[in-house]
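A, B, ... follow the sequence lines: proteins, then strands. Residue 1 opens every chain.
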Amino acid sequence: MAQVRFRQAIALALADEMRKDPAVMVFGEDVAHAEGPFKTSEGLLAEFGPLRVRDTPISEMAFTGAGVGAATAGMKPVIEIMFMEFMGVALDMVVTEAAKFHYLSGGQFKVPMVIRASVGAGGGFGLQHSQTLENWLVATPGLKVVVPSDIQSAYELTRAAIRDPGPVVVLEPRALYGDRGALEQKEDGFLEIGKARIMRGGSALTVVSMGQLVGKSLEALAGMDAEVIDLSTLVPWDQECVSQSLKKTGKLVIVQEAPISGGWGHEILSLMVSKHFADLKAPPFIISPPNTPVPYGKELEELYIPQPAYIKEQIAHYLLTSQVPTPWWIQRGLI
Amino acid sequence: MAQVRFRQAIALALADEMRKDPAVMVFGEDVAHAEGPFKTSEGLLAEFGPLRVRDTPISEMAFTGAGVGAATAGMKPVIEIMFMEFMGVALDMVVTEAAKFHYLSGGQFKVPMVIRASVGAGGGFGLQHSQTLENWLVATPGLKVVVPSDIQSAYELTRAAIRDPGPVVVLEPRALYGDRGALEQKEDGFLEIGKARIMRGGSALTVVSMGQLVGKSLEALAGMDAEVIDLSTLVPWDQECVSQSLKKTGKLVIVQEAPISGGWGHEILSLMVSKHFADLKAPPFIISPPNTPVPYGKELEELYIPQPAYIKEQIAHYLLTSQVPTPWWIQRGLI
Amino acid sequence: MTTRNAVQSKRRSGLRDPVEQLRRMFEIRYFEEEIVGLFSEGLVHGTTHTCQGQEALNVGLAVTLNSDDFVACTYRSHGFALALGLTPEAALGEIMGRTTGCIGGVGGSMHLSAPELGLLPTFAIVGAGLPIAAGAALAFQTRGEKRVAVAVFGDGAANIGAFHEALNLASVWKLPVIFLCDNNLYGEYSRIETTTSVVDIAQRASSYSMPSEIIDGMKVDEVIASLNRAIDRARSGGGPTLIEAKTYRYAGHSRADLATYRPEGELESWLPRDPILVRQNELVASGVLTLTQVEKISEEERAGIARVIEFTRNAPFPQPDAIFKNIWTG
Amino acid sequence: MTTRNAVQSKRRSGLRDPVEQLRRMFEIRYFEEEIVGLFSEGLVHGTTHTCQGQEALNVGLAVTLNSDDFVACTYRSHGFALALGLTPEAALGEIMGRTTGCIGGVGGSMHLSAPELGLLPTFAIVGAGLPIAAGAALAFQTRGEKRVAVAVFGDGAANIGAFHEALNLASVWKLPVIFLCDNNLYGEYSRIETTTSVVDIAQRASSYSMPSEIIDGMKVDEVIASLNRAIDRARSGGGPTLIEAKTYRYAGHSRADLATYRPEGELESWLPRDPILVRQNELVASGVLTLTQVEKISEEERAGIARVIEFTRNAPFPQPDAIFKNIWTG
Ligand SMILES: Cc1ncc(C[n+]2csc(CCOP(=O)(O)OP(=O)(O)O)c2C)c(N)n1
Ligand SMILES: Cc1ncc(C[n+]2csc(CCOP(=O)(O)OP(=O)(O)O)c2C)c(N)n1
Ligand SMILES: [Mg+2]
Ligand SMILES: [Mg+2]
């Protein structure tokens, strides 16, 4: 199997779909000639030419909207939002237009569009370029949201998203772009949108995570009898998979990069508690960053993001006591 | 006490603050000469003149940003977003700029700005003008969000929001604008931002609601021994108040207008479960609309919004069985 | 559905006949006049935006486009939908929230849609249609098709960011899209000069090195001629055009708005230029129709709308299962 | 802090002297050149955007504004911050994430702030500064103050919606705001003509009935003269102005970008117009300075920056409690 970087897995997924389907096109800021600010469209302009691979002006509203229009007219556009925060100037096109077009046309128009956005902390980009902000995309029936967590899922979810008949947002953990590893290129049998991945089986505890925290969770839980689930799709998320695991373990921990207030984990926890109250052996809880902006500076940013050592310590305490552990910022008396 | 409409309570709150503080100004689409699309700025232009009360072009990004700039330069702007969905073309200014400016200036700049937006279903405005979308505003440390539920809280929260030294979003349930009732105008002692309101005491059950569903919940629970809490502030919400009630009742039900997927109630439920697992006597759950767009048409829209009869039936079943009741769309086999 | 399609394509193709154009303008006028009444009756829920006085623009656009061209209109689109061929039954059914509506009654007055006629779901967010029309044009260009897209928007929409971004993008990519500004002098309750820093919206085309025209939007022939120039340019790879049509919104902004904010006599000053009046006078003057024939057409259309209303009053409301359909693209 | 304020106001007021202007341009140039090295060393985390070649704009702006006027700049603002008076210690401290930084090291290179100098937190979202500067001007106008606000933005930002909305709003309300476009020919890796439908950004002023100027942004005197005209207009109630300064971005867009996408010889063609070279030649020609004195100033500034780097290398990193400060406005 080829050794590639996470960012290359995305470029390969795009290229493989573009070869298969002439309707697939890619545009965004500096995705063509520069091959992407994060080099996630390497080789595309050279192979597919300037009609299907285009640089755009700095106009997220216009080119996201252009994606909606092009999709409605039969193309399968993949557009790139360089940093998730920039969706803040174009959200209308994603949640109010793309997500609702199918319903608004009585099911006649389809919007087979992919919106890729890089998310998350760890790169030292500061508080306006480091958030995950999945919350902008929820409460929007019709819009799917997937989050790759490793090289293989980046490749497969990207291809699955392009083949999906509706709008799909792919949130790419920026911190993983440089990761190197094996990639199996395939033509079908991709990870399904809407299906979670059991990354490791276990019986003492169910850990649900997403994005860059899946790897950190796996590292943290090495040697522990924990079932680690990569949610992989946030909307619609795989209730069945989490349910099955929870029935077995009776203990649920969410590990998320989103801040504790407003983060995605609450929905998982809430719905699972309503459904499996009787199965629970201990209080479920969420491991997350504190409710603060993402700090600049290596040390503080590393502290902000739940790291394996911290996850391990929190979960060890939980398994030992069946009590919800105290987060580091309370332990240290910082709030 | 004067009998006024909900929308007038807002106009009175604005007028009373403008009289007290020359820094307060109001702008938005048709808020001046037309006195607001929903008549929530009645009389302001006449009394305070065109410098402090301004109609804007259809430019949410510009006038929301102008609010941020004016606040930073010492004014206390109150801007109006006619329908919450329109924040989708200006979200950047709210969550990425206003909410982060204080932090980004090392605490030296303040953004004492109020962003008013009408929210919710019930008016037959269709699926792009009927959502609550609180989820756009969470996961944003620094931004406060309040939601009035009746005439008195509309008046008091609006004044409290204007006096708050930071940015505050006021989400006004559009369906309540026409409500008529008593208003006590006061010069201080307003509802505190960050404090929930216990609308009715009770010991068998804790019901947490917000906005137009507070009234529906109160109606639904008439005669039941339920403690009904109006969250009133969504960010930062009053954990202490809900905790105290839950310790007493051991049963928690959230009644929300937001759809079940992505709605605000999950965070309340999730954090309370982690904290009060041992106190829970039955599975907590959420009563909400289905995970669909808001339908047009009186009957369907009424069905979509949890009505008192439905809330009552759901909670009666819950109290009887200590089991989570099945929502109507499952009962009817609609999904 | 297929029978509706047949009727619709006939309504569309027939429009090349000037007499049919007059007939359609009557249809639109009476349709809109009746809506106001139905709203007061409580049969139209929520809100509605009518377009009396702007029928020449509705019909002119429909005449010049092919059915596989795309049109992005606004919440004020009953007239465009009818002109493009949508049946009054399908339009009123939607506005009154009945299953006979073009999307089954779950959308309402602001949300008409007719893919078979090129009508995109009409836009309730100001400015949203412009980038999306540009995107449709992008698809046509990328596939080497000769189709075009048109974005219809108001004077007020020319102040929103999406307008600027869409026109720049369309110009840079030379997209086959026409930006048709329906300048009816008002954005909601605000007159254009109170919100807009130019007198003519068309002036803004220079910011995008884009050709532009200012036309009398009350004259159907002038609308047709101007659109044909722009459409020919677009189809032949010449890129986008900005057309500003000067029109007037006879009614208020929405539902019960009486537009008391308008200067005394402004409406009256526009009435002599009424698009229906102008067109009928032309046809009578050129001997194509007699006044009696015009009267007859007018009465037929009035009666037709009355029948549609009767039909729709009795049409069924959607059942709860309708809420759950067409959310996730299958 | 107060001592820093004293130093800063001296740095600001001293700038009226042409020799100080030259000195400050050297300071900015050496500061930016060193940043690149510090980035490679891993001492600057994340990203950084430098402004070598644009020092005339930095200094020209600082000379013309009062300290109570507001400035909204972008992520590319080390030069503006230093010109406005921020100490290199406070700037580098922030860029290197130390407690000595202007916001204590929690912001980084894109996030400088100096309220005491009128510098708003610099903007990392393209276009965001324009509406916010207009809003500051709105506050000044509403209170009847003679203060002005300036929004500095790039050529690429002229294609985003916020630009359009802000210029229209500023024009309609006649706000005392100056929109200063730093046209350095590139937005990230894209040359202006590939993304922008006009040759001169200033041309877009006509869409807002706004006065505009195109100036040589490499000449500090031309920058000062143009800004003074616009500022006088704004202070006297004449409303906003759009100024387009033609400059050139010597370095790549950010951190390690070598700008290999630039046409052969483009950079070289700009070097003879280098703002420092131009200013120093003027001063030597007019006998204000000798070449030796220029050399001395240059060496002093180079040494000064070296000292600041030494100082900052040893400055402390913020502690965890810093993350929790200044979130909620007390
Ligand atoms: C982004 C956004 N802001 C505000 C509104 C509310 N609104 C609906 S129609 C309208 C006026 C639009 O005026 P114009 O563009 O001239 O079109 P007209 O109604 O005159 O046809 C406004 C402000 C909206 N729908 N979307
Ligand atoms: C809304 C938004 N889109 C994209 C970006 C990413 N970005 C940062 S700088 C930049 C280029 C801006 O070019 P220009 O306006 O010419 O300013 P310059 O960098 O040349 O000073 C881009 C696209 C951003 N920060 N914000
Ligand atoms: Mg108009
Ligand atoms: Mg530039």
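Among C:Thr196, C:Asp155, C:Val126, the one residue that satisfies the side chain to side chain contact (heavy atoms under 4.5 Å, CB included) test with B:Ile58 is C:Val126.
When the side chain to side chain contact (heavy atoms under 4.5 Å, CB included) test is applied to C:Ala81, the partners found at least two apart in sequence or on another chain are C:Leu86, C:Leu112, C:Leu119. Applying the ring pair (Phe, Tyr, Trp, His ring centres under 6.0 Å) rule to C:His164 yields the partners C:Tyr208, D:Phe163, D:His164; only residues at least two apart in sequence or on another chain are considered. By the side-chain hydrogen bond (donor to acceptor under 3.5 Å, both in side chains) test, B:Ser261 pairs with A:Glu267, sequence neighbours left out.
Heavy atoms of B:Ile335 lying under 4.5 Å from chain C belong exclusively to its side chain. Of the atoms belonging to C:Ser190, heavy atoms from both backbone and side chain fall under 4.5 Å from chain B. For a residue to count as touching a neighbouring chain, one of its non-hydrogen atoms must lie under 4.5 Å from one of that chain's; by this rule C:Ile95 touches chain B with the backbone only. For a residue to count as touching a neighbouring chain, one of its non-hydrogen atoms must lie under 4.5 Å from one of that chain's; by this rule B:Phe86 touches chain C with the side chain only. Both the backbone and the side chain of C:Tyr189 have a heavy atom closer than 4.5 Å to some heavy atom of chain B. Interface residue B:Thr56: only backbone heavy atoms are found under 4.5 Å from chain C. Only the side chain of C:Ile327 comes within contact range of chain B, judged by heavy atoms closer than 4.5 Å.
Nearest heavy-atom pair, C:Gly187 versus B:Asp30, reported as atom, atom and distance to 0.1 Å: O-OD2, 4.0 Å. Contact record, B:Gln128 with C:Ala124: OE1-CB, 3.4 Å, taken as the closest heavy-atom pair.
Using cut-offs of 30° and 60° on the angle between ring planes, the pair B:Trp328 and C:Phe324 is perpendicular.
The residue among C:Ile323, C:Ile125, C:Thr260 with the most heavy atom pairs within less than 4.5 Å of chain B is C:Ile323. For the set C:Gly161, C:Gly97, C:Pro320, C:Ala157, the entry with the most heavy-atom pairs within less than 4.5 Å of chain B is C:Pro320.
Taken from CG in C:Asn159 to CZ in B:Phe63, the straight-line distance is 12.0 Å, to the nearest 0.5 Å. From C:Thr47, atom OG1 reaches atom NE2 of B:His129 across 8.5 Å, with rounding to the nearest 0.5 Å. Distance check, rounded to the nearest 0.5 Å: CG of B:Leu127 to NE2 of C:His111 gives 5.0 Å. To the nearest 0.5 Å, atom CG of residue B:Asp55 and atom CZ of residue C:Arg191 are 14.5 Å apart.
No side-chain heavy atom of C:Ile160 sits under 4.5 Å from any side-chain heavy atom of B:Met61.
Other residues, nucleotides and ligands contribute only 12 or fewer heavy atoms inside 6.0 Å of the NZ atom of B:Lys312.
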task = Could you please spell out the steps behind the side chain to side chain contact (heavy atoms under 4.5 Å, CB included) verdict for B:Arg332 and C:Asp321?
result = CA-CA 9 Å; B:Arg332 303 194 190 185; C:Asp321 64 332; over 6 Å; no

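Among the residues in residues 287-301 of chain B, those with a non-hydrogen atom closer than 4.5 angstrom to a non-hydrogen atom of chain C are B:Pro290, B:Asn291, B:Thr292, B:Pro293, B:Pro295, B:Tyr296, B:Gly297, B:Lys298, B:Glu299, B:Leu300, B:Glu301.
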